[in-house]
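Below you'll find the structure, written out as C-alpha cells, and then a few comments.
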Amino acid sequence: MLATTLIIGLQNIYAQTELYKKYQHRKDITVACAMQFPINNDVKTNITIFVPKTKDAVYYLVEEFNLGIEKDIIDKTLGDKGVMSLFRKLVHKDDPTKSYGAINEDDDWKDVSMLAYNYNVGSLVVFHNIETEKRYDAISRYLMNVLRNPEKFPSIENKIK
C-alpha cells in the first residue's frame with residue numbers, strides 16, 4: 001500500500017529534493033522524490049528514489065554513493081527474488097555520497113539522512129530529514145518491515161532491463 005501511495009504521490013509533487021535535482025538529468029536512472037512520504041501514522045519524511053534501468057547504472061549508483069558493494073555481489077543478488085536484503089547507512093544530509101559516522105549527541109541527528117539499497121532490484125532510497133533518534137527508529141522499523149514485505153520498499157518500477 002505504501003508503494004502505491006508513493007506512486008500516486010509522485011504525480012502530484014510540487015517540490016523536489018536537492019538530491020533529485022542533482023541527478024534528474026540521468027537517462028540510465030529514474031530519479032523521483034516524494035515529499036512527506038508516510039513511514040507510519042506519526043512520521044513522514046521526504047525521500048529520493050533512484051531506480052537504475054541497467055546493470056551498469058546499478059554499478060554507478062553503488063560507486064557514486066560509496067556503498068562498497070563489490071560487482072560480483074551485485075551480479076549474484078540483482079534480480080534474485082530469494083534475496084531480501086537491504087544495505088543501509090547514515091549519510092551526510094547535504095551530501096549523501098559521504099558516510100556520516102558515529103552519532104555523538106542529539107544535535108547530530110539534524111545533520112544526517114539514511115540511505116537504503118535494495119540488493120534484489122538495485123534501487124536506492126535516501127530518507128531525508130531524520131532530525132531525531134525517534135524518527136530514525138521509526139524509519140529503521142519501517143525498513144525492517146520491508147524485509148518481511150518487500151513490495152513496500154519505495155519504488156517506481158522494480159525491473160532492470
Side-chain angles (χ1 to χ4, degrees), residues 2-7 9-10 13 15-39 43-101 111-131 135-136 138-161:
L2 287 176
T4 304
T5 303
L6 174 62
I7 292 168
L10 289 174
I13 292 176
Q16 292 98 16
T17 62
E18 291 301 314
L19 189 58
Y20 168 84
K21 292 175 187 175
K22 181 176 178 181
Y23 292 93
Q24 70 182 359
H25 70 282
R26 298 284 311 212
K27 301 288 186 223
D28 57 341
I29 302 166
T30 300
V31 183
C33 65
M35 310 309 272
Q36 298 300 301
F37 178 78
I39 299 298
V43 176
K44 295 179 181 176
T45 190
N46 301 338
I47 63 173
T48 304
I49 306 167
F50 298 83
V51 180
K53 296 178 183 177
T54 65
K55 190 181 283 189
D56 284 339
V58 175
Y59 298 150
Y60 167 80
L61 285 173
V62 166
E63 187 174 318
E64 176 74 2
F65 286 89
N66 299 302
L67 302 185
I69 302 168
E70 299 293 328
K71 285 184 178 182
D72 63 329
I73 300 296
I74 294 168
D75 293 341
K76 289 178 188 175
T77 58
L78 196 60
D80 183 348
K81 299 221 184 266
V83 174
M84 293 189 293
S85 295
L86 298 175
F87 173 87
R88 64 185 184 138
K89 68 178 184 175
L90 291 177
V91 294
H92 284 269
K93 178 174 84 173
D94 296 329
D95 186 358
T97 64
K98 296 180 181 174
S99 294
Y100 188 80
D111 297 326
V112 299
S113 293
M114 184 187 295
L115 181 149
Y117 168 78
N118 183 319
Y119 282 92
N120 175 265
V121 295
S123 61
L124 189 139
V125 178
V126 176
F127 295 84
H128 302 279
N129 52 321
I130 302 295
E131 297 177 10
R135 289 173 60 81
Y136 167 79
I139 293 167
S140 294
R141 281 191 299 278
Y142 169 80
L143 288 172
M144 291 303 293
N145 185 39
V146 164
L147 288 174
R148 291 186 294 278
N149 303 289
E151 71 280 358
K152 292 185 177 180
F153 190 76
S155 66
I156 300 164
E157 178 184 343
N158 287 338
K159 295 180 184 172
I160 295 179
K161 299 174 186 174

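Positions are given from 1 along the sequence.
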At what distance, to the nearest 0.5 angstrom, does [atom1] of [X] lie from [atom2] of [Y]?
X      : Y      : atom1 : atom2 : answer
Met144 : Ile139 : CE    : CD1   : 15.0 Å
Asp95  : Phe65  : CG    : CZ    : 8.5 Å
Lys71  : Lys55  : NZ    : NZ    : 10.5 Å
Asp111 : His92  : CG    : NE2   : 8.5 Å
Thr54  : Tyr59  : OG1   : OH    : 9.5 Å

With a 4.5 Å heavy-atom cut-off, do [X] and [Y] have their side chains touching?
X      : Y     : value
Ser85  : Thr77 : no
Ile29  : Leu61 : yes
Ile130 : Lys93 : no
Phe50  : Arg26 : no
Tyr117 : Val58 : yes
Val126 : Tyr20 : no
Asn66  : Val91 : no
Ile69  : Phe87 : yes

ask   = Do side-chain atoms of Asn46 reach the backbone of Gln36 as a donor and acceptor pair under 3.5 angstrom?
value =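 A pair under 3.5 Å: yes.
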
inquiry  = Tyr100 vs Tyr136, test: ring-ring contact (aromatic ring centres under 6.0 Å, His included). Steps then yes/no.
reply    = CA-CA 14 Å; Tyr100 188 80; Tyr136 167 79; over 10 Å; no

inquiry  = Please identify which of these residues, Thr17, Leu19, Ile47, meets the side chain to side chain contact (heavy atoms under 4.5 Å, CB included) condition with Cys33.
reply    =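 Testing each of Thr17, Leu19, Ile47 against Cys33, the sole residue satisfying side chain to side chain contact (heavy atoms under 4.5 Å, CB included) is Thr17.
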
Reference residue Asn118; test side chain to side chain contact (heavy atoms under 4.5 Å, CB included); the match among Val83, Leu86, Leu78 =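 Among Val83, Leu86, Leu78, the one meeting side chain to side chain contact (heavy atoms under 4.5 Å, CB included) with Asn118 is Leu86.
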
On a heavy-atom basis, which atom in [X] and which in [Y] lie closest, and how many Å separate them?
X      : Y     : answer
Ala57  : Pro52 : CB-CB, 3.6 Å
Ser140 : Arg88 : OG-NH1, 2.8 Å
Ala138 : Ile39 : O-CG2, 3.5 Å

request  = Assess whether atom CD of Gln24 is packed by more than 12 heavy atoms of other residues, nucleotides or ligands within 6.0 Å.
outcome  =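 Above 12, so yes.
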
ask   = For atom NZ of Lys89, is the number of surrounding heavy atoms from other residues, nucleotides or ligands below 6.0 Å larger than 12?
value =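 Correct, the count exceeds 12.
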
task = Specify whether Phe127 and Tyr142 have parallel, tilted or perpendicular ring planes, treating 30° as the upper limit for parallel and 60° as the lower limit for perpendicular.
result =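 Ring orientation of Phe127 relative to Tyr142: perpendicular.
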
request  = Indicate whether any N or O donor in one side chain lies under 3.5 Å from an N or O acceptor in the other, for Thr45 and Asn129.
outcome  =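 Distance-only check passes for Thr45 and Asn129.
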
side-chain contact (heavy atoms from CB on, under 4.5 Å) between Val62 and Ile74, worked out = CA-CA 9 Å; Val62 166; Ile74 294 168; 3.7 Å; yes

